[in-house]
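To find a chain, count down the sequence lines: A is the first, B the second, and so on, and within it residues start at 1.
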Amino acid sequence: MKNSFGNDFYEAVFTIVRLIPEGKVSTYGDIARFLGIGSSARMVGWALNSVVDREDVPCHRVVNRNGELSGAMHFATPTLMKELLLKENISFIGNAVNLSEHRWVIELDV
DNA sequence: CTATTGACCTTCT
DNA sequence: GAGAAGGCCAATA
């Protein structure tokens, strides 16, 4: 079946991450769920791993359910992710993002 | 080809 | 409320 993303789960993730507005962040689970949880949130991270070199996809705007920068270690530098988020005026709670203020909800209802 | 790990989340005990 | 286990799909060894 040719779902909107059913063809390429990866492209779907890239597309959504690319649509993340500035100063907002999304979570792996939310994205995976939006796609239909057909592959688990894990695949989302793997997909992003292929995009770390691509500046078209702000992987730094994607964090885990806890708001922690889980994939920060996979970036060029372990602090690059935090730095980028800080430049976006994103609030930080210790080592995690303030999801209460920057949790971007996918346009499911909007 | 089989086994293990991996940027995770949900649910049961 | 906290902790542990399972599940999902894919890639790498």
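Every residue meeting the side chain to side chain contact (heavy atoms under 4.5 Å, CB included) condition with A/N98, not counting sequence neighbours, appears here in chain and number order: A/S91, A/I93, A/S100, A/E101, A/H102. Not counting sequence neighbours, the partners of A/E68 by the side chain to side chain donor-acceptor pair (under 3.5 Å) test are A/N66.
Annotation: side chain of A/V51 is in contact with side chain of A/F14 (closest heavy-atom distance under 4.5 Å). Between A/L48 and A/V57, some side-chain heavy-atom pair lies under the 4.5 Å cut-off. Residues A/I31 and A/V17 form a side-chain contact, since some pair of their non-hydrogen atoms from C-beta on lies under 4.5 Å apart.
Set against B/dT10, B/dC9, B/dA7, the side chain of A/R33 has B/dT10 as its closest nucleotide. The nucleotide whose nearest atom lies closest to any side-chain atom of A/N64 is, among B/dA7, B/dC9, B/dT5, B/dC9. Here the nucleotide nearest the side chain of A/A41, chosen from B/dA7, B/dG6, B/dC9, is B/dC9. The nucleotide whose nearest atom lies closest to any side-chain atom of A/Y28 is, among B/dA7, B/dG6, B/dC9, B/dA7. Closest approach to the A/L48 side chain among B/dT10, B/dG6, B/dA7 is made by B/dA7 (side chain taken as heavy atoms from C-beta onward).
Taking atom CG on A/L80 and atom P on B/dA7, their separation rounds to 17 Å, with Å as the unit. Spacing between atom CE of A/M43 and atom C1' of B/dT5 amounts to 11 Å, rounded to whole angstrom units. We find that NE2 of A/H74 is positioned 11 Å from C1' of B/dT5, with the value rounded to whole Å. A/L69 places its CG atom 14 Å from the P atom of B/dA7, with the value rounded to the nearest Å. Nucleotide B/dA7 holds its C1' atom 17 Å from the CZ atom of A/R61, rounded to whole Å. Look at OH on A/Y10: it is 13 Å from P on B/dA7, rounded to the nearest Å.
Distance noted for atom C1' between C/dG7 and B/dT4: 16 Å (whole Å). Rounded to whole Å, the separation between the P atoms of C/dA5 and B/dT5 comes to 15 Å.
Between chain A and DNA chain C, the heavy-atom contact criterion of under 4.0 Å yields a 5' to 3' nucleotide range of C/dG7 to C/dA11.
Between atom CZ of residue A/R33 and atom OG1 of residue A/T27 there is a gap of 9.5 Å, rounded to the nearest 0.5 Å.
Here the shortest heavy-atom pairing between A/H60 and A/M81 reads O-CE, 3.5 Å.
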